[in-house]
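Any value given below was found using the heavy atoms of this structure, including those in side chains, with hydrogens, waters and symmetry copies removed. Computed from a predicted structure; not experimentally measured. Note that the numbering runs from 1 along the sequence shown for the chain.
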Amino acid sequence: MSEFDSPILRTIIETAHDHFFVVEADGRIRDVSPAAAAVYGMSREDLCRTTVQALEAKGVLRPSVSLEVMRTGEPAQVAQVTSTGRRVIAQAHPVFDGGKLVAVVSRSMDLTDLQLLQEEYALLQRRFNEHLQRGGGEEAGGELELADLEARSGVMREVALLLKRVAPTDATVLMLGESGVGKTAFARQLHHWGPRHKGPFVDVNCGAIPESLFESEMFGYRQGAFSGAAPGGKAGLMEQAEGGTLFLDEVGELPLPMQAKLLKVIQDGCITRLGDTRARRVDFRLVVATNQDLARSVEAGRFRLDLYYRLNVIPVTLPPLRERREDIPGLVERHLQRLNTRYGRDKIIARDAWQTLMGWEWPGNVRELENWLERAWLSAGEDVIRPRQETGQPDGTARAVTSMMGGEASASRSGLTAGETLQSALARAERDILAELCREANSTYAIAERLGISQPSVVRKLRRHGLRIERSR
């Protein structure tokens with residue numbers, strides 16, 4: 001069957017990380033991926049000289065997922081135990097030609113490797129905890145200098161201390177927290193504290209790179225790799241992070257094929273430019289961040305379990321601003337100083353504005369606070385930003401609350417309906433405002449600018465509420 005010998009299929013089989021079988025309709029094994037030999041205890045050549053019926057009878061694999069597909073003509077998934085003692089999840093799909101079954105293509109994933117990753121992760125956690133116990137607090141690191149970070153609250157100082165303790169290592173750090181809590185700022189501080197501080201800090205927003213460009217942007221390309229490629233080729237972002245830190249923000253947004261490529265780099269420490277055949281070793285500290293629950297994404301099949309364990313070595317959760325209000329005065333003063341320096345003025349916040357600033361929930365966290373403060377600064381006609389100046393609400397999604405600086409309540413304000421919780425009421429208000437902006441704006445970037453949040457956050461919110469921009473206005 002000549003279709004089995006196509007270059008495309010052969011390339012897929014030769015380079016697959018999972019274990020592929022191509023089986024003819026009578027059970028003869030046409031081809032297997034090289035990695036299958038270690039799992040099933042037979043060489044690739046021996047596997048291709050036998051049948052799945054014989055393998056099942058000998059206990060090399062049991063049960064055979066390919067035989068199940070042959071019996072039913074439907075895709076199947078089974079849990080197997082191999083003769084080498086490995087636990088495997090196998091999936092198989094029928095191939096029809098003119099209504100006739102001509103082949104079965106199966107792929108299996110070795111759960112034993114994932115179990116080893118879990119054990120490796122547990123070992124790293126134990127060693128890290130032992131290291132913290134031996135370190136005994138801040139004595140090993142000296143005075144906790146926070147530089148540009150505002151961490152006056154106890155919880156944030158604990159986060160900063162944890163980061164300072166792990167900074168001398170190359171352990172991967174996973175930053176968790178809502179959008180706008182300051183994950184990038186803490187990642188930069190971690191880089192500053194570490195031995196790689198003289199190297200580059202490469203900040204990558206994974207949600208902003210189209211899947212079609214991910215490989216060329218992250219891995220680079222050689223000259224002539226594609227039409228329009230720069231003369232001499234280009235180093236990718238991973239190469240640019242050599243000797244420094246690679247920070248992958250919004251890592252939960254990576255499509256599954258890109259997750260597999262990232263996992264391979266983490267495992268091998270090498271990258272290959274697009275269009276090239278030569279592998280290049282890369283050396284950087286990896287820090288990733290997300291506002292998603294990656295464990296749930298793994299359960300839903302949106303995130304690879306093996307990559308999750310590789311990234312979740314040192315998880316660090318940054319709490320939202322509403323849970324650390326002690327940090328608000330420092331954040332306001334720091335950003336106000338930046339604005340005064342940028343615009344050549346010396347404005348201050350009126351004393352009676354602080355109660356409102358401290359009482360607001362700040363659903364957009366530090367990013368919302370900074371965006372609102374800039375609007376307030378620009379709107380103030382004098383050098384004192386007073387409570388009742390027309391500076392707008394602190395968050396564009398919060399039209400159901402009174403104006404931040406003492407203005408009149410929005411006309412769209414409404415109370416809770418019967419049985420409605422605060423969380424569901426806020427979600428309802430958010431959806432109403434997004435729906436209105438979808439009718440008014442012509443892009444997600446315009447909505448992001450109006451709300452004072454990031455464009456990827458807008459995309460996620462629209463997807464969550466089932467909304468999209470009405471372009472035919």
Side-chain angles (χ1 to χ4, degrees), residues 17 109 114 117-118 121 159 163 171-188 190 201-215 217-219 236-238 241 245-267 284-321 363-368 427 430 434 444-445 447-448 451 453-468:
H17 293 292
M109 182 171 62
L114 298 182
L117 280 173
Q118 289 177 310
Y121 171 61
V159 168
L163 291 177
T172 300
V173 174
L174 171 62
M175 300 241 181
L176 304 168
E178 296 178 4
S179 179
V181 293
K183 295 187 286 291
T184 301
F186 275 83
R188 287 186 181 276
L190 174 65
F201 178 87
V202 178
D203 183 359
V204 181
N205 187 330
C206 297
I209 302 179
E211 184 174 353
S212 59
L213 298 179
F214 181 87
E215 189 167 2
E217 288 294 314
M218 294 298 295
F219 297 92
L237 295 169
M238 288 185 176
T245 298
L246 178 65
F247 176 57
L248 300 181
D249 198 6
E250 306 280 4
V251 72
E253 300 289 334
L254 279 179
L256 284 169
M258 303 303 104
Q259 294 176 26
K261 294 180 184 293
L262 175 59
L263 175 64
K264 191 173 189 307
V265 173
I266 296 174
Q267 290 174 333
F284 52 76
R285 182 15 165 346
L286 181 62
V287 181
V288 299
T290 182
N291 57 11
Q292 297 185 18
D293 186 336
L294 289 187
R296 288 190 177 181
S297 296
V298 169
E299 293 175 0
R302 296 189 302 269
F303 204 84
R304 293 180 63 108
L305 179 62
D306 43 7
L307 179 59
Y308 173 67
Y309 283 121
R310 290 289 184 185
L311 299 181
N312 194 31
V313 179
I314 308 294
V316 177
T317 300
L318 302 183
L321 192 55
N365 295 296
V366 178
R367 184 184 296 120
E368 181 191 354
E430 180 180 75
L434 287 170
T444 53
Y445 291 95
I447 295 177
L451 298 180
I453 61 178
S454 67
Q455 187 266 350
S457 295
V458 171
V459 173
R460 284 194 301 272
K461 289 177 184 292
L462 294 182
R463 187 183 304 134
R464 183 191 311 141
H465 293 295
L467 298 171
R468 59 181 178 180

Taking all heavy atoms of K183 and all of A289, pick out the closest pair and write down the distance. CD-CB, 3.9 Å
For the residue pair V288 and M175, establish whether any side-chain heavy-atom pair is separated by less than 4.5 Å. no
With a 4.5 Å heavy-atom cut-off, do L311 and I266 have their side chains touching? yes
Inter-residue atom distance L176.CG - L174.CG, 0.5 Å rounding: 4.0 Å
Could you tell me if the side chain of T245 sits less than 4.5 Å from the side chain of L190, heavy atoms only? no
Do we see a donor-acceptor contact under 3.5 Å between the side chains of N291 and E178? no
Exercise: identify the closest heavy-atom pair between A171 and V313: CB-CG1, 4.3 Å
Please round to the nearest 0.5 Å and tell me the distance separating atom CD of E299 and atom OH of Y308. 9.5 Å
I'd like to check R285 versus T172 (side-chain heavy atoms, cut-off strictly below 4.5 Å). Are they in contact? no
I need the M238 CE to M218 CE distance, nearest 0.5 Å. 3.5 Å
When rounded to the nearest 0.5 angstrom, what is the spacing between CG in L307 and CE in M258? 12.5 Å
Which is it for R468 and L462 under the side-chain contact (heavy atoms from CB on, under 4.5 Å) test, yes or no, and what are the steps along the way? CA-CA 6 Å; R468 59 181 178 180; L462 294 182; 5.9 Å; no
Validation: residues 246-255 side-chain donor-acceptor distances under 3.5 Å, sequence neighbours left out:
from, atom 1, to, atom 2, distance (Å)
E250, OE1, R460, NH1, 2.8
E253, OE2, Q292, NE2, 2.9
E253, OE2, R460, NH1, 3.3

Minimum-distance pair of heavy atoms, taken over all atoms of G364 and E368: N-OE1, 2.5 Å
NZ on K261 to CZ on F214, rounded to 0.5 Å: 9.0 Å
Show the nearest heavy-atom pair for residues A241 and F284, with the distance to one decimal. O-CB, 3.4 Å
Within-4.5 Å side-chain heavy-atom neighbours: R304 and L256: yes
Using every non-hydrogen atom in the two residues, find where V181 and L318 come nearest and quote the distance to one decimal. CG2-CB, 3.9 Å
Begin from the C-alpha positions of Y309 and L263 and carry the test side-chain contact (heavy atoms from CB on, under 4.5 Å) through to its verdict. CA-CA 10 Å; Y309 283 121; L263 175 64; over 6 Å; no
Answer with yes or no whether the side chains of S179 and R367 bring together a donor and an acceptor at under 3.5 Å. yes
Rounded to the nearest 0.5 Å, the CG atom of L286 sits from the CG atom of L262 at a distance of 6.5 Å
